[in-house]
> 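Here you go, one structure.
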Amino acid sequence: MTEIAIYVTTKISEYLVASVASPFRYLWNYKTNLEILKNEVEKLEAKRDTVERLIEVGEEPLPHVKLWQVNVKKIIDEALELIDEDNPEQINTQCCKGFSSPNLLKHYQLSKKAGKLKTDVVGLEQEAAQFIDVISCTNAPEDTWIQSNKDYKAFESRTSVLKKIIDALLNPDVNMVGIYGMGGIGKTTLAKEVARQAKQDNLFHEIVFVGVSMTPDISKIQHEIGEKLGMKFQEKTDNARARRLSQNLKNQATVSGEADNSEGKKKENKILIILDNVWERIDLETLGIPLGGDYMGLKLLLTTRNSDVLTNQMNSQCNFPINALNETEAWSLFKSMAGTCVNHPDLNSIALEVAKECGGITIAIATIARALKDKEECDWRYALQELKKPFSESFEGMTKEVYTSIKLSYDYLDTTKLKEIFLICSRMGCNYDASIRDLSRYGLGLGFFENSNTVEEALCEVKYLVKKLKENSLLIDAPNKSKESTDYGVPDDERFAMHDIVYDVARSIACGKENVCIMIDDAIPRFWANKNKLENCISITLHNIGGLPKDLRLVCSQLEFFYMKTRDSFSRIPNDFFTEMPKLQVLHLIEIDLSPLPTSISHLVNLQTLCLDKCKLGDISIIEKLEKLETLSFRGSKIEKLPEKMHRLTSIRLLDLTNCSTLKIISPNVISCFTQLEALYMYNTSIRWEIGGLNIGRKNVGLDELKRLRDHLTTLEICIPYAKMSEGLLSSHLERYKISIGFDPDWKYPPKNSRTLRFKIMTNDNADGVISQLKGIKELELFGEVRDDSTHSVSCDALFSLESLVLNDLNLEKICNGPLLTDSFRQLRTIRVDKCNKLTNIFSFSTDRVLPQLQAIEVSSCKNMEEILAIEREDDVNSTEVIHVSQLCSVTLKSLPCLQSFCRGVRTASPLQLSNNTNNGEIVSEDNIDIPKSFFNEKVVLPNLQYLKISGITNVEKIWHNLPLIMSSCVQNLTKLNVSNCHNLKELFSSSTVITEESREEDRRDTISFPKLKYLRMGNLTKLTRLWSGYYLEFPSLKEFAIHNCPELEAFIFDDKVRITQLEKMKIYQMDNLKMIWHNQLDGDSIPKLKSLQVYDCRKLLTVFPLNIRERFLTLESLDVRRCGSSEDIFDVQGIITEERNSIATTQSRELCFSNLEELTVSRCQSLKYLVAASIVENEVPARFYFPKLASLKLFKLPELRSFYQGRLTVEGPVLKKLKLCDCGIHVTDEEGQMQQPLFLVEQAFPCLEELNLAAKHVTMMWQGQVLESLFHKLKILVVYKDYSTGLPLCFIQRFQSLEKLSIVLSSYKEIFSNGEDQTKVTISARIKTLRLVHLQDLKYMWKHDFKLDVILQNLEVLNIRDCNSLINVMPHSASFQNLTVMEIESCSSLINIGTSSAAKSLVQLTQMTIWGCANIIEVVGNHGAVTEDEIILPKLKSLSLKYLPSLRSFCSWNVNLEFPSLEELIVYKCPQMKIFSQGVLIKQTLRKVKIDHKWIELRPEVDINKVIQEFHENVNIRTSIKDCEGSFSHHLE
């Protein structure tokens, strides 16, 4: 206690001094605080703009995003008002002699308010980070291979299997599919082709491809899946990431049947996750993949060499072998790889034999064919000889043919350097996503580049060598972007991978030829015991190993290369580990705890390359002794300072500090001593550069130190606070640069382009001066502010090499400040312009100067933009010559209120000009005649346009006018069209001259075709009266169509002038005046394949499917109708009944088969009486409605629903699995008081029912015995909703023999299971695994104390209780939860604990416990007067989360030993009364850190968690007391 008292006294003294100084500090820092606030507001505005840009036009932002936007507007307005008050004329006090003096009180008030506002602004910035990644996930670029899988060859043996795999993935009863075959047979290529075709055919909303290794890297897999789904993990442990990933996948892939959440659930997304190269069983729960059960939209595709992994370990339902190619296919592949030389008479027969010896294995064919391409006959004969030799090597899953062909390909490499670099590649731990940067750094350290004098030359040489190895099929393109490549901004052309089969062969060659040890995904082997082998070893690679033996000391006198990454993050290395490695030249350690550095590292006097990436680093001064060091990397490491002693490293040529986000200080005069420095990477550090030329009094590095090195630097990646600080730093010597000026250091990940300038232009900044210093800029991003009248422009000198241009918030009157030259923009591929309000066009040029490489244009929020392309010469304006922008494939235009045309072919006059000149015939304007304004005309041709998005263009009445004139050149390749918020648009396509009376008489049609259009979406078009007019339209490829909020469209969406033959998905919502969807006379070929239809919020719609399309809905797989208040039925089949009356007498039945319908949902249709309407006649034979594929039927909030069918019927759904009936009328009598038949005649109707949701009267009807028990023998999930009885009787549960999950929601139960019956007479066979209780306000007890619990609890695995505010006990003394794995208790205000210690001891399987928002919980485990235990052991508990528990004091209040040996994560959040964790001892071997409120605290084995919690709260209390004291002092001052 004495120590604590001293500590507290010291702290109070410190804070009191600070509190006295604080008010004066507000005065001293008056200008600084206002400037900081201004900067933070600018950052928040940028965040706001980013969020707004990422929200899809026409979509409603999520509620928490909308609230954030409101708060942002409020705080920005308040801050700007405060900043405006900083006016000397207003805040200075006038003296009697006319002079003004500062008003100190006003300064104090403004400064203090600025400090508070700054905190609020920063909080909103941080809040945005929680959702900005999810918003932006739809904009994430697709993997390049999914566009075109160049490695796939459509051989018959592959296409047949491909079709079977896709069919299996589409099977609703299958959630896991496997592909197996020997290594190198083509499993990965086939899996990628499955993904490509599934994406192309829109079978899945998201497709994730992840490579797995012999021992899976859980963190890597989670990050790759999460990144594809738009997630950014902040969680530190695999377990925490798994829970978040699982919840995300559940939210997307679930069609929930739970009534309380039905309206809030979005429609199920279909997600395909491909896990490639699986070697053994993967625990999907550990990964966070919730396969099966409710999550029908989630499918898994696995590839493996061993079929046993699929059938016995993963329980994959459908598995497909990949066999070798037949001889014909193998020869075809061989010829395509080897080239025309195989046709030479002298080689043809030998080539045939070589191809045959490859055994039909694709990797063997590819490597040997490319190795022998254009070789002499003797080389071919030698290869054939080697292929026929016996096989001496032994590799699991590798044949002789594969090994020999790869080994020969290596042997035939042209140069020794190629062979050496190939073997260095084999030493790299990460073969699935390796970088040329790392490879070049290894080569530099090993002295590989004898003829390369600079780092840049070495990098170029490695690029060339990697390219040659790819050409020989020994390296491949990296398949996915890893987290590391994104974090470090590694360009795609600097990434590569090595097929695992090639990797095995390369390791074999390296280990046999050189004394090399390579261990991947394995524990440290007995190799360490062989001292002689270690003594002579020159290279050791240990990747993803289990860990180092304790006290290991390697004696490796010849070792030159050492790489290590352990499986457990932040393992430690013995202090003397490097003592016996005198010749070591390259050392690369990843995710190792090096705080402090092992002292033995100072023995590495020959070290030239040191990479300590993603490590924990403390004081690194000891590195000063490595005087030969040339390459030093701390990428992604936790380091705060580069110490002064590092100035001795004068040989440094490359320094990489990328993503050292905690690095704040580089001691002065350190970097300036690196006189040989050629490459400096400093993106995303926290360095605050100091200004000034003198080092006296400096605490940090100044940019002037870098300026001294500018003549040597060829690579620079850096964030500079202000443009003026860059003067003299940038130079034309830079070959590679990623430079950010004026932004936060962590504004974005490093860009991928190797020549990028990001520049936030402030007032008086000379943009041209900065740009002109750099050579060959490829990506230029310019941001500015529009609050002043300054004018910006771009130097024409920068336009020649530009590939990407971004302009944001700039006062540009034109992009370039001078006349464009012939070669300007010749390399430009993408341009994005936003909030440049003075621009009237983007490009102004003559017809002889086009944009040959331009691929994408995005323009938004430019208030005065009139046209995108402008023609500058008058003779070009009136010329008939057409402008071809041949490569432009994507155009996005948003919020451009003055935009009139993409390019005006004829100059239009102003209204004044028209009035003065029209009579003389001098000016003719399209605005002055009765021709609707159209956006595109025949002046500009966009032959490759694929994506067009137009939103917020208010001057346009048509998209195309006289479309046939420009048809073939503008829309022939269009695949996606999105039009919204164009409030004057009356129709999309029109022509008044196409159809003539003569053509009608001759029965000819002028048909306009959009041959490749697949997606058409339109919304918020307030004047749209029709989609097209004047001619016939054909959409032969259209698959998805969506329309919303077009109030003037009343009649038909589709009429007899449109033919749509491939439409599969259609969404119609918020069409308030739409009465009919379909025309009575649709084209005979239209809409034969419709699979999914969603109709929401169409208030006047009478019916969804009228008689005229009776055959069209038979292809439907999913139908969802919601909030259509006028609809009295969904299907109108009166005509069908009439036509079939004559057959009734003979068939004695009428059958209507919905042969493909799988999901049917109808909700909130206030007038709906029947799903199927038909006329009623006397003695009508009952109709039979047959749904052979219907798996889900949901009917809720239909107050007038009387029956399924207007008449007598039977309904059969032999495969129905989900049935939901909630808040439906289902009246007992009809409108005339006659007895109404029930909703279904259910005898033998639904024999496969697995999930049932019931509400109110339907529950009562069931347990009163009105439904046969035999109907529910397969039922697994039961949701009871709005049942106002006192509890569920056991006889009710008895009916569901297979029940696994029970949810009870919004009911009045006082106990869950009532005890009205004699328990001895009730036999419970249900095996309930999940029990979910939500919003049961009357529930006090789970069950009565004398209730027999064993039958209910013996199989319970998940218990979830939420909003049960009367509940006073969860685990009574007599309860035993021996199989419970997850317990979640939320917002139960009457609980003081969750149960007794004896019940807690039964939780032997519990892995996750979460208690959240229970206001009166005092302790987690209580005793209730029972005998307390002396120890509680939860052997499998991994995660314990205690959040928002204001009364919680401890886990348990008496002296009991707690043993949680598996605990990985402990979170205590907003529990202000919790001063200790427990009175007894807590044993937690695996717990490494604890999170208290927002702070993660690392734990050492010797640290007591009680002390950690105690000290945290003491600090909080001290800060609170001092803050109160400071407030009182400030108030007194005022």
Side-chain angles (χ1 to χ4, degrees), residues 53 57 794 799 802 804-808 810 812-816 820 824-826 828-847 849-873 876-877 881-908 926-927 933-961 966 969-971 974 976-982 984-985:
R53 184 181 294 121
V57 175
V794 180
L799 305 181
L802 269 185
S804 174
L805 178 61
V806 176
L807 306 172
N808 186 290
L810 296 172
L812 288 166
E813 294 180 356
K814 55 182 179 179
I815 290 179
C816 185
L820 290 179
S824 297
F825 295 120
R826 298 289 291 183
L828 190 66
R829 288 175 169 79
T830 64
I831 181 168
R832 190 171 80 241
V833 182
D834 184 38
K835 296 181 182 176
C836 295
N837 291 327
K838 291 186 178 181
L839 277 178
T840 58
N841 59 67
I842 303 300
F843 300 109
S844 178
F845 54 86
S846 62
T847 55
R849 186 170 56 245
V850 293
L851 303 163
Q853 303 295 328
L854 187 64
Q855 297 175 3
I857 295 176
E858 181 178 340
V859 187
S860 61
S861 303
C862 298
K863 295 180 180 178
N864 292 299
M865 185 71 61
E866 296 178 3
E867 55 188 332
I868 304 303
L869 304 183
I871 303 172
E872 61 189 23
R873 295 196 312 224
D876 285 332
V877 171
E881 187 175 354
V882 174
I883 301 173
H884 288 263
V885 189
S886 57
Q887 298 301 312
L888 186 62
C889 58
S890 175
V891 175
T892 301
L893 308 171
K894 298 185 291 185
S895 301
L896 306 172
C898 293
L899 189 68
Q900 300 179 28
S901 174
F902 191 80
C903 178
R904 284 182 286 189
V906 178
R907 288 295 184 190
T908 59
E926 191 179 87
D927 295 335
K933 300 175 184 178
S934 62
F935 187 68
F936 289 105
N937 54 48
E938 62 272 17
K939 190 65 181 178
V940 176
V941 173
L942 312 176
N944 199 39
L945 185 64
Q946 298 174 27
Y947 175 82
L948 176 61
K949 181 173 183 177
I950 300 177
S951 176
I953 313 298
T954 55
N955 276 336
V956 174
E957 296 180 6
K958 297 180 181 180
I959 304 299
W960 288 279
H961 182 63
I966 56 173
S969 59
C970 282
V971 298
L974 192 65
K976 294 184 178 180
L977 175 59
N978 190 329
V979 184
S980 62
N981 295 302
C982 298
N984 282 310
L985 191 72

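Computed from a predicted structure; not experimentally measured.
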> Kindly compute the distance separating CE (M865) from NZ (K863), expressed to the nearest 0.5 Å.
13.5 Å
> With rounding to the nearest 0.5 Å, note down the distance linking CG in N808 to SG in C836.
6.5 Å
> Who pairs with K976 by side-chain contact (heavy atoms from CB on, under 4.5 Å), at least two apart in sequence or on another chain?
Y947, Y1015
> Between N837 and S861, which heavy-atom pair has the shortest distance, and what is it?
OD1-O, 3.3 Å
> Would you give the length of the straight line joining atom OG of S890 to atom CD of E858, rounded to the nearest 0.5 angstrom?
8.0 Å
> Please examine the side chains of I953 and S951, heavy atoms only from C-beta on, and report whether any two atoms are closer than 4.5 Å.
no
> Going through the checks in order, is the side chain to side chain contact (heavy atoms under 4.5 Å, CB included) test met by I842 and V859?
CA-CA 9 Å; I842 303 300; V859 187; 4.0 Å; yes
> Once you round to the nearest 0.5 Å, how far does CG of L893 lie from NZ of K949?
11.0 Å
> For a quick test of reading the model, state the closest non-hydrogen atom pair linking I959 to V956 and the distance between them.
N-CG1, 4.4 Å
> For a 4.5 angstrom cut-off between non-hydrogen side-chain atoms, does F935 reach V979?
no
> Can you name the closest pair of heavy atoms from K835 and C862 and give their distance?
N-SG, 3.8 Å
> Measure across S886 and N944 and return the closest heavy-atom pair with its distance rounded to 0.1 Å.
O-CB, 3.2 Å
> Are side-chain heavy atoms of V941 and V885 found at a separation under 4.5 Å?
no
> Answer yes or no: is there a side-chain heavy-atom contact under 4.5 Å between F825 and I831?
no
> Is a side-chain N or O of T830 found less than 3.5 angstrom from the main chain of A856, in a donor-acceptor match?
no
> When rounded to the nearest 0.5 angstrom, what distance separates CG in N981 from NZ in K894?
11.0 Å
> Within the structure provided, determine whether C982 and I950 are in side-chain contact (heavy-atom separation under 4.5 Å).
yes
> Do Q887 and L854 come within less than 4.5 Å of each other through their side chains, counting heavy atoms only?
no
> So, do I857 and T892 sit near enough that their side-chain heavy atoms are less than 4.5 Å apart?
no
> Over 60° means perpendicular and under 30° means parallel, so classify the ring planes of F936 and F902, tilted if in between.
tilted
> So which atom in R826 and which in Q853 form the shortest heavy-atom distance, rounded to 0.1 Å?
O-CG, 3.1 Å
> Which value, rounded to the nearest 0.5 Å, describes the distance between L805 atom CG and L828 atom CG?
6.5 Å
> Please name all residues satisfying side chain to side chain donor-acceptor pair (under 3.5 Å) with Q855, sequence neighbours left out, ordered by chain then number.
none
> Show the nearest heavy-atom pair for residues N955 and Q900, with the distance to one decimal.
ND2-CG, 4.1 Å
> Regarding D834 and S860, do their side chains bring together a donor and an acceptor under 3.5 Å, going by distance alone?
yes
> Looking at K838, is its backbone amide N or carbonyl O close enough to the side chain of N864 to form a donor-acceptor pair, meaning the two atoms are under 3.5 Å apart?
no
> Taking T954 for its side chain and P897 for its backbone only, find out whether a donor-acceptor pair lies under 3.5 Å.
yes
